[in-house]
Amino acid sequence: MNKGLVLVISGPSGVGKGTIINKLLGDDKNMHLSISCTTRAPRPGEQEGVNYFYKTEEEFAEMVKNNEFLEYASVFGLASYGTPMSQINLRNEGTDVLLEIDVQGAENVKKLIPDAVMIMIAPPSFETLRSRLIGRGTETPEKIAKRLNTAGKELSYSDQYDYVVVNDDLDVAINDIRNIIHAEKIKLAGKAAAEKIITEIEEYGIVK
Ligand code: ADP
Ligand code: 5GP
């Protein structure tokens with residue numbers, strides 16, 4: 001059995017990451033969304049263990065101290081977010097693991113998991129991003145401003161990503177990501193097959 005892909009999805013707040021991910025998860029039962037810990041408060045409708053594991057500052061600091069995170073970061077200067085190490089293990093059972101994390105976390109994951117597939121989601125324009133964030137209606141004007149201020153910095157990391165997908169038409173963006181996943185699976189399976197043959201040749205020994 002081939003191991004699953006690790007897919008890292010980043011992008012400015014309000015660009016549509018959550019919307020895209022929900023659709024991908026709905027269509028693919030072999031995909032697991034890594035659930036992060038956060039010190040931010042749950043939004044209306046969010047659930048413990050479904051959207052995040054909600055932690056106090058003290059609990060989060062304790063987890064950092066105990067090396068329980070694959071990576072963690074302070075995002076927007078508003079709250080801490082971290083990926084529990086345990087979320088990645090399903091990869092070894094052939095499940096694709098999807099991480100929706102910020103650019104700092106993504107950089108750290110790439111160092112630890114070099115074959116992670118890095119996808120940046122970009123908006124078609126700044127105005128579209130602004131109106132999506134306002135339209136979602138989940139943040140105060142002050143928090144919207146902080147999130148928009150961070151958007152430029154996040155997009156400036158695009159060069160470090162394997163793919164940048166523009167989320168203009170939702171169906172097109174989702175299809176682009178499905179195509180990326182398909183291509184990356186071919187690559188992973190091909191490399192595993194080549195490695196297997198190399199081992200077989202080594203075991204066979206050189207015929208003189
Ligand atoms: P993120 O998870 O990146 O912060 P969301 O998935 O919450 O963003 O999307 C922000 C808002 O934009 C939501 O109200 C969502 O319905 C809307 N949205 C997402 N993608 C599109 C799209 N392609 N076209 C129009 N609206 C979109
Ligand atoms: P939100 O508060 O809108 O749910 O998420 C805010 C930001 O935190 C998003 O950019 C999201 O990608 C990022 N984020 C969520 N979980 C993690 C995590 O575990 N690690 C890091 N580094 N960023 C995360």
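Counting convention: from 1, in listed order, for ligands and their atoms alike.
Looking only at protein heavy atoms, the nearest one to atom 16 (O) of ligand 1 is T19 OG1, 4.0 Å. Nearest protein neighbour of atom 2 (O) of ligand 1, counting heavy atoms only, is G18 N, 2.8 Å. For atom 24 (N) of ligand 1, the closest heavy atom belonging to the protein is R132 NH2, 3.3 Å. Closest protein heavy atom to atom 10 (C) of ligand 1: G14 O, 3.5 Å. Closest to atom 7 (O) of ligand 1 among all protein heavy atoms lies R136 NH1, 2.9 Å. From the protein, the heavy atom lying nearest to atom 19 (O) of ligand 2 is S36 OG, 2.7 Å. Shortest contact from atom 20 (N) of ligand 1 to any protein heavy atom: N167 ND2, 3.1 Å. In this structure, the protein non-hydrogen atom closest to atom 8 (O) of ligand 1 is G16 N, 3.1 Å. The single protein non-hydrogen atom nearest to atom 17 (C) of ligand 2 is Y81 CB, 3.4 Å, given as residue, atom name and distance. Residue, atom and distance of the protein heavy atom nearest to atom 13 (C) of ligand 2 are D102 N, 3.8 Å. Atom 11 (C) of ligand 2 has E100 OE2, 3.3 Å as its closest protein atom, hydrogens excluded (heavy atom only).
Residue contacts with ligand 2: R136 is placed with no nitrogen or oxygen under 3.5 Å of a nitrogen or oxygen of the ligand (distance criterion only). No N or O atom of G135 sits closer than 3.5 Å to an N or O atom of ligand 1. Some N or O of T83 is nearer than 3.5 Å to an N or O of ligand 2, by distance alone. Annotation: D168 places an N or O atom under 3.5 Å from an N or O atom of ligand 1; distance criterion only. For a threshold of 3.5 Å applied to N or O pairs, the pair formed by C37 and ligand 2 contains no separation below that value. The N/O atoms of S13, backbone and side chain alike, include none that comes under 3.5 Å of an N/O atom in ligand 2.
In this structure, K191 does not pair ionically with D115, as no charged nitrogen and carboxylate oxygen lie closer than 4.0 Å. Ion pair K111/E107 not flagged as a salt bridge, since none of the NZ, NE, NH1 or NH2 atoms sits closer than 4.0 Å to an Asp/Glu carboxylate oxygen.
The side-chain contact (heavy atoms from CB on, under 4.5 Å) with F69 is formed by just one residue from the set S80, S36, C37; it is C37.
Set against the non-hydrogen atoms of G105, the atoms of ligand 2 under 4.0 Å away are 22 (N). Atom numbering of ligand 1 starts at 1 in the shown order; those under 4.0 Å from a heavy atom of S13 are 4 (O). Every atom of ligand 2 with a heavy atom of R40 under 4.0 Å away is listed here by number and element: 1 (P), 2 (O), 4 (O). When each atom of ligand 1 is checked for a heavy atom of P12 under 4.0 Å away, the hits are 3 (O). Here is the list of ligand 1 atoms found below 4.0 Å of a heavy atom in K17: 1 (P), 2 (O), 3 (O), 4 (O), 6 (O), 8 (O). Atoms of ligand 2 found under 4.0 Å from any heavy atom of A73 (numbered from 1 in listed order, with element): 22 (N).
Side-chain contact check for Y161 and S10: at least one donor-acceptor pair (N or O, by modelled atom type) lies under 3.5 Å. Residues R40 and T38 have side chains that never bring a donor and an acceptor to within less than 3.5 angstrom of each other.
With a 4.0 Å heavy-atom cut-off, ligand 2 is reached by the side chain of Y52 but not by its N, CA, C or O. The side chain of R147, and not its backbone, has at least one atom closer than 4.0 Å to an atom of ligand 2 (non-hydrogen atoms only; side chain from C-beta on). Of all the heavy atoms of R43, the ones lying under 4.0 Å from any atom of ligand 2 belong exclusively to the side chain.
Judged by distance alone, with hydrogens and angles left aside, the side-chain atoms of N167 form a donor-acceptor pair with the main-chain N or O of V15 at under 3.5 Å. The backbone N or O of G11 sits less than 3.5 Å from a side-chain atom of K17, completing a donor-acceptor pair. In this structure, the side chain of E139 does not engage the main chain of I144 through any donor-acceptor pair within 3.5 Å. Of the possible donor and acceptor atoms, none in the side chain of N175 sits under 3.5 Å from a partner among the backbone N and O of D171. Judged purely by atom type and a 3.5 angstrom limit, D28 has no side-chain atom pairing as donor or acceptor with the backbone of L24. D96 places no side-chain N or O within donor-acceptor distance of the main-chain N or O of G4, the cut-off being under 3.5 Å. With Q87 contributing its side chain and P84 its backbone, the two residues share no donor-acceptor pair below 3.5 Å.
Of the inter-residue distances, the one linking L7 atom CG with H32 atom NE2 reads 12.5 Å to the nearest 0.5 angstrom.
You'll find the side chain of E200 reaches within 4.5 Å of the side chain of K196, heavy atoms only. Proximity of Q160 to K110: side-chain heavy atoms (C-beta onward) are nowhere separated by under 4.5 Å.
For the pair G82 and ligand 2, a heavy-atom separation below 4.0 Å is found. Contact annotation: E71 has at least one heavy atom less than 4.0 Å from an atom of ligand 2.
Aromatic ring pairs are classed by plane angle as parallel below 30°, tilted from 30° to 60° and perpendicular above 60°; the pair Y54 and Y52 is perpendicular.
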